[in-house]
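A note on names: the letters A, B, ... follow the listed sequences, proteins ahead of strands, and every chain is numbered from 1.
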Amino acid sequence: MKITVVKKAASKTVRAACPWVIEDWSDAKKK
Amino acid sequence: MQPSMFNVRVPLDAEAGAPGDVFLMNTFTDAQLVVSRDVAELLDRLDGEATANSLGAFDRSELEALETLADQGFVVADRADERRKLEAFFEDVREDRDELRVTVLTTLQCNFACDYCIQGDHGDYNKQAAKMSLASAERVARWVEERLDTVAPKTFVLTFFGGEPLLNLPVVYFLAERLWRTAVERGVTMQVNVITNGLLLTPDVVDRLLPFGLNFVKITLDGDRDAHNRMRPLRGGQGTFDKIIHNIRRIAGKCVISLGGNFDESTLASYPALLDFLAAQDFAPHIARVAFKPVVRDVITSVAAGLDSRGPRGLRAGKFIDLTPVAEGKALNGTCMTSAGAGGSAASASACDGCGFASDGMALLREETRKRGFRTSDGVHMGPCEIHRKHAHTIGPDGDLYACPGFTGDRQMATGHIDGTATPERSRAARRFEQLSAWKACRDCAFIPVCAGGCTVASHSELGDMNAPSCHKRSFEAGVVSMARDAAASLRIEALA
């Protein structure tokens, strides 16, 4: 019975504004 | 107690470095686990047994595993409770006030003459296409200020779109500067996004917008140099690839750059060459994201031009790739794994065999993009899009309000106007968008929380029913497989460290 948590449950996750046109790059960082 | 309907799983193999293990994701809680096979089998047992009163059937280690699975959302009380939570989730998305999102179409004019798009520099289109005046922009600013006071969001996201938004720089600058001051006065964080073809995107434009919250620019490249020049030429047929690349090089490092592209049957094969080209450029490290999508027929552009988007298919068919909506009478090709479909076995693919090209193309290009070291969409976190949010608006050049850019120009779909005038048509349209719930037809599909029934524009234009789902389940499934590989790889790296 092995369980490794890769990502914990989150109450709010990043959602795309519009996956076709606009998208949500709110987590994108300037490089 | 039973498994969540939003669990998805991918068996890991030796190639993933975890033979026998299983990747589990819950699309509702976003939790991701790698578990041994007996844990996955435990979930199956839960599925097959009436276990609410029979926890005695499990030994101690199984009960501990079930507790962890429940903490992460993989085990729920019962289906009715989970459906109530899903309803509450969509209500929360709809009413969320953390962000006010406004997309402004500064003009419907365009300096490109893309063959797949009827907007732009074809015939006398640009002479007739609407362009926002500074007087209208002033009214837009006042409307946004009123919304900021009413909604009181933490973040205000202003996106410039078109047409080609940079053909109306005075309005872009006016709105960015005016609303930046407004946001600062109210203690609201402001982000400005620009979606552009890149031809007019000079360092001057970027420098001018940077002090006013410029967050990212999104530029479109439709394949490698030859493919792009064929797909996205100027009116005289001149190519635009070199000029756009020149502009990207000049703005690199100043702001977040994301690249998009629209592929069809004739250009899909050229995208790996585009990615090779981009990876070899000096500005490659400055590209924040790359994401490609299929050409969505002429749906968005036809409504933008005010055409009847539900006209005879024959007029619009041909070179465009259809999204494949799902509706009654269209039995998901008999291959659906969910109860929404006409049946078929669990072993038989997905709901969207009919749109295999688009879904497979997206999945293929995501992999190709990642191979070159660029960040891209994971193919899973695709929604609910902003059409499901009350405080997300699109404003056309004339001040009409829309629920999403895809409906702009089809005035029957306007939900209001920035001057506040209500007409029966607008009120009716607004009510229709408020009641959007295409996902309800998806029944027990595990991807509902990250899809919400798909693109409403496609459903409206192809089925004449915005409340029918349009399905790309196959692309979601491919995305989960990639996430599983990544998860296994990250655990391997952790184990080595």
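No part of B:L24 comes within reach of chain A, as not one of its non-hydrogen atoms sits under 4.5 angstrom from that chain. With a threshold of 4.5 angstrom between heavy atoms, B:D38 approaches chain A through its backbone and through its side chain. With a 4.5 angstrom heavy-atom cutoff, B:T68 touches chain A only via side-chain atoms.
By the 4.0 Å N-to-carboxylate-O rule, B:D21 lies close enough to A:K2 to be salt-bridged with it.
Pairing each heavy atom of A:A9 with each of B:A31, the nearest pair is N-CB, 3.6 Å. When all heavy atoms of B:Q72 and A:K7 are compared, the closest pair comes out as OE1-O, 4.2 Å.
Applying the salt bridge (charged side-chain N to carboxylate O under 4.0 Å, His left out) test to B:E64 and every residue at least two apart in sequence or in another chain returns B:R60. Applying the salt bridge (charged side-chain N to carboxylate O under 4.0 Å, His left out) test to B:R366 and every residue at least two apart in sequence or in another chain returns nothing.
In this structure, the side chains of A:T4 and B:L491 come closer than 4.5 Å at one or more pairs of heavy atoms. Between B:L42 and A:M1, some side-chain heavy-atom pair lies under the 4.5 Å cut-off. The closest side-chain heavy-atom distance from B:L33 to A:V6 is not below 4.5 Å.
Within a 6.0 Å sphere centred on CZ of B:R37, other residues, nucleotides and ligands contribute 12 heavy atoms or fewer.
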